[in-house]
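Residue numbers run from 1 in the order of the sequence given.
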Amino acid sequence: MAAGLTRTVALVGLARAAGTASVLLVNALLARAWPAEQVGIWVVVWVLGSSLVPLFLLGLPTTVLYLHPRRDAAGRATLGRQAALALAGAAALLVAILALAAPPLVGWLAPQAVVAPRALQGLLIPFLPYLFATVSGGAIDALLVAAGRVRAQALLALLQAVGQVATAGAAVGLGLSPAAVFWSFSLVAVLRTGVGWALVERRAAAAASGPDANWRELASCAVPVWLNDAVGGLSRYADRFVVTCFFSAAVVAQYHVAAVEVPVSLLLGAVVTVLVPEFSRLYQDQRSGDIHRLWCQTVSRLALIVMPLFAFLSVFAHSFMAVYLPGSYASGVWVFRLLLLALPVRCAVYGPVLVAIGRAHWAVWASLLDLLLSAGLGWFLTGAAQAQGATWAFLVPAAAAVLATYVQVAVLLALIGRQMAWGRRVLPWADLARGGGQSGLAAVAAWAATAGIPAASLRLVAGGLVFAAALALLTWGSARDRAACQALWGALCRKPGRDP
């Protein structure tokens, strides 16, 4: 991967990781601020709104990344304004639908955690401005990154993350209610969206508007991406929906806060954001060999981060959860450990290739398969386990979600390998196996070296130090891995020679 692209991925990934880290910190703080039942009700409202956001983004963020490099300055200005107008309408529709339909929908989805309609409205109304701002500003990051303004995009994301964490901290220190927290989140989101569109429009104002006929091109490109994002958004929360249907608000809280999304997941989103325009350009030039080289480099470099995180967190899961959450949430450690099993396959960032080769609809069908497997298996097996009185029944949705993820990725890799004539070379299997083996050995060594430390926080820190040292020794002993790490570090530290 070119140094400029690697550095851009890192900056976008840093911004997305800040957003994910803020969610983790918010969950940890709210678990300490409110009783579990109150946290569970918060989660029901949050999941309901958040799961619908991808549906109303209309596929425009990814579409903007695809079309931006294909247009001149005037066309890019028009593209940004078209996206802003479409997303504003979609955001207004989302708010209207939730305001009318949310109470009966929550009553149907979460019969065990349901609250009185008036109390639900008291939480939903302050959450609606947040959802409006999130959807209406959904293309801001894509437009800033495509225009080479990565630092501005990262700063906006960082400021929003800081605002949300500060609000959750106020819930602990000042006793803010759930409604007050939602109002504060909404204020931060509205400010971020306003500043973001001002930055985008400032650059666009220098160019004349392009022809309005581009609406047709925008719609034709956005529809398959939109379908994939909408189904993918629902599948992401399928296990949460299953939990809310079968268990009480307290169990919903246990599951949700323990279902930690490792920040790597949003680093992958950063990779997609940066590589979609690059793969699009290479495929247009019929350079499939360069696409394969860049794809394998990307997967190998992601594995340098993903595999160590997977190995370390799997071994030190109990210590991590003991530090992250109060003792009353201890049973959630198995939710965390199960969902970690899906982390290794996240290295296979198939999105940019599918968009570039015009096969985004494959991802739609694969995401639909993931949704059906996750929700269907989760629903059936959870009901069966609960009927038998199994105390571990709340873990079943997590296991179903992991199985569905593996099936989805396997299907897409097989299709990409056949379409691009890559065959079994679709992934750098040797690099992945070597990285996984080295990370596993380092994690076991760290666990053995720190087994006698009773305090979870001290064991986590000491284990991290031993793990890092062991992994560094193992990596440095391989000339190939040493060269890859040096190339990655050099790309991150070197200033890009051109705009991505």
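Counting only distance, with no hydrogens or angles, the side chain of S186 and the backbone of P126 share a donor-acceptor pair below 3.5 Å. The main-chain N or O of F310 is found under 3.5 Å from a side-chain atom of S314 such that the two form a donor-acceptor pair. Formation of a donor-acceptor pair under 3.5 Å by the W34 side chain with backbone atoms of A171 is not found in this model. Checked by atom type and distance alone, the side chain of S51 pairs as donor or acceptor with a backbone atom of L48 at under 3.5 Å. Between the side chain of T382 and the main chain of V396, no donor-acceptor pair closer than 3.5 Å is present. The backbone N or O of V345 lies less than 3.5 Å from no partner atom in the side chain of Y406, so there is not a single donor-acceptor pair.
Counting all heavy atoms, side chain and backbone alike, V257 lies closest to V260 at O-CG2, 3.7 Å. Between A90 and L58, the shortest heavy-atom distance links the atoms CB-CD1, 4.0 Å. The heavy-atom pair separating S22 from Q164 by the smallest distance is OG-OE1, 3.5 Å. Minimum interatomic distance between P344 and V306 (heavy atoms only, all atoms of both residues): CA-CG1, 4.2 Å. What you find for L302 and C347 is that their closest heavy atoms are CD1-O, 3.8 Å. Smallest separation of non-hydrogen atoms from R32 and L325: NH2-C, 3.6 Å.
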*Verdict with supporting geometry, L24 and Y324, side-chain contact (heavy atoms from CB on, under 4.5 Å)*: CA-CA 9 Å; L24 300 182; Y324 175 55; 3.8 Å; yes

_Residue pair L369, Q408: steps toward the side-chain contact (heavy atoms from CB on, under 4.5 Å) verdict_ = CA-CA 7 Å; L369 175 64; Q408 176 195 24; 5.7 Å; no

*For side-chain contact (heavy atoms from CB on, under 4.5 Å), just list the numbers for V251 and S248, CA-CA rounded to whole Å, side-chain angles, deciding distance to a tenth of an Å, and then say yes or no.*
CA-CA 5 Å; V251 176; S248 67; 3.6 Å; yes

*Walk me through it: do F127 and L98 pass the test side-chain contact (heavy atoms from CB on, under 4.5 Å)?*
CA-CA 10 Å; F127 190 39; L98 283 179; over 6 Å; no

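When side chains are defined from C-beta on, Y255 does not count as touching V43, because their heavy atoms never get closer than 4.5 Å. Annotation: side chain of Y329 is in contact with side chain of V39 (closest heavy-atom distance under 4.5 Å). The shortest side-chain heavy-atom distance between S136 and T193 falls under the 4.5 Å cut-off. For the pair V407/D370, no side-chain contact is recorded, criterion being any heavy-atom separation below 4.5 Å from C-beta on.
The CH2 atom of W226 sits 11.5 Å away from the CG atom of L57 when rounded to the nearest 0.5 Å. F182 CZ to I125 CD1: the interatomic distance, rounded to the nearest 0.5 Å, is 12.5 Å. Here the CG atom belonging to L87 is positioned 5.0 Å from the CG atom belonging to L60, to the nearest 0.5 angstrom. The distance from the OG atom of S331 to the CG atom of L395 is 8.0 Å, given to the nearest 0.5 Å. Interatomic distance, S235 OG to L372 CG, rounded to the nearest 0.5 Å: 10.0 Å. The CG atom of L131 sits 8.0 Å away from atom CG of L124, with the distance rounded to the nearest 0.5 Å.
In this structure, Y237 has its ring center no closer than 6.0 Å to that of W46. F320 has its ring centre less than 6.0 Å from the ring centre of F336. Between W379 and F241, the gap from one ring centroid to the other reaches at least 6.0 Å.
Note: F185 and W42 have perpendicular aromatic rings, judged against thresholds of 30 and 60 degrees for the angle between ring planes.
Take N27 and apply the side-chain hydrogen bond (donor to acceptor under 3.5 Å, both in side chains) test, not counting sequence neighbours, and it matches no residue.
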Side-chain donor-acceptor distances from residues 156-163 under 3.5 Å, at least two apart:
{"unit_1": "Q160", "atom_1": "OE1", "unit_2": "R192", "atom_2": "NE", "d": "3.0"}

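Within 6.0 Å of CH2 on W362 lie more than 12 heavy atoms contributed by other residues, nucleotides or ligands.
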